[in-house]
*Asks:* 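Here you go, one structure.
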Amino acid sequence: MRKDGYCLYALYKDKQVVSLAGLSWRVNFYNKRHVFIYGLVTDSAHRSFGFGEKLLSYIHNWAKENGAAYVALNLESSETKPTVSMKRN
C-alpha cells in the first residue's frame, strides 16, 4: 500500500493561520478514491466568521479537480463531544 500522503492545508488572514485541516487520500473496499479530513480547527478568536467553511470549500474543490469521488470529514467538537461524520460529493 502506498503512503497516505498526509498533508496540512491552512487558511491565512493577515499572515496568521486562522484555520487548519489535516487530510489524506483514502481508498477502501466499499468507497471510491476519496479525501479524508482527519481534523479541521479554527482559532478561537476567528470562529463564526466562515473561515472553516471557506477552507472546507477550497479542499472540496481541490479534491474534486484531482479525482476524488467525495470528501469525508470526521469531527469531534470540544464543546458538544459527539462525533459527527460527513460525506460531501
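For the single chain, residues carry numbers from 1 onward in sequence order.
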*Asks:* Do the non-hydrogen side-chain atoms of Arg47 and Ser44 ever get within less than 4.5 Å of each other?
*Replies:*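 Sidechains of Ser44 and Arg47: in contact.
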*Asks:* Please tell me if the side chains of Leu23 and Tyr6 come closer than 4.5 Å, counting only heavy atoms from C-beta onward.
*Replies:*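 Not in contact.
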*Asks:* Less than 4.5 Å apart, any side-chain heavy atom of Asn66 and any of Trp25?
*Replies:*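 Yes, their side chains come closer than 4.5 Å.
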*Asks:* Do Val35 and Trp62 have side-chain heavy atoms sitting under 4.5 Å apart?
*Replies:*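 Heavy-atom side-chain distance check passes, below 4.5 Å.
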*Asks:* If I take atom CD1 from residue Ile59 and atom CG from residue Leu40, how far apart are they, to the nearest 0.5 angstrom?
*Replies:*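 Answer rounded to 0.5 Å: 6.0 Å.
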*Asks:* Any idea how Tyr38 and Phe36 line up, ring-wise: parallel (<30°), tilted (30 to 60°), or perpendicular (>60°)?
*Replies:*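 Plane angle over 60°, so perpendicular.
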*Asks:* What distance separates Phe49 CZ from Thr42 OG1, expressed to the nearest 0.5 Å?
*Replies:*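 Going from the CZ atom of Phe49 to the OG1 atom of Thr42 covers 11.5 Å.
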*Asks:* Considering all heavy atoms of both residues, which atom of Leu55 and which atom of Ala10 are nearest to each other, and what is their separation?
*Replies:*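 Where Leu55 meets Ala10 most closely, the heavy atoms are CD1-C, 4.3 Å.
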*Asks:* Whether the side chain of Asp14 engages the backbone of Gln16 through a donor-acceptor N/O pair (distance < 3.5 Å, no angle test) should be reported.
*Replies:*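 It does not hold such a pair.
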*Asks:* Restricting to non-hydrogen atoms, name the atom on His34 and the atom on Tyr70 that form the minimum distance, rounded to 0.1 Å.
*Replies:*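 Nearest pair, atom of His34 first, then Tyr70: CB-O, 3.1 Å.
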*Asks:* State the CG-OH distance between Leu20 and Tyr12, to the nearest 0.5 angstrom.
*Replies:*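 Answer rounded to 0.5 Å: 8.5 Å.
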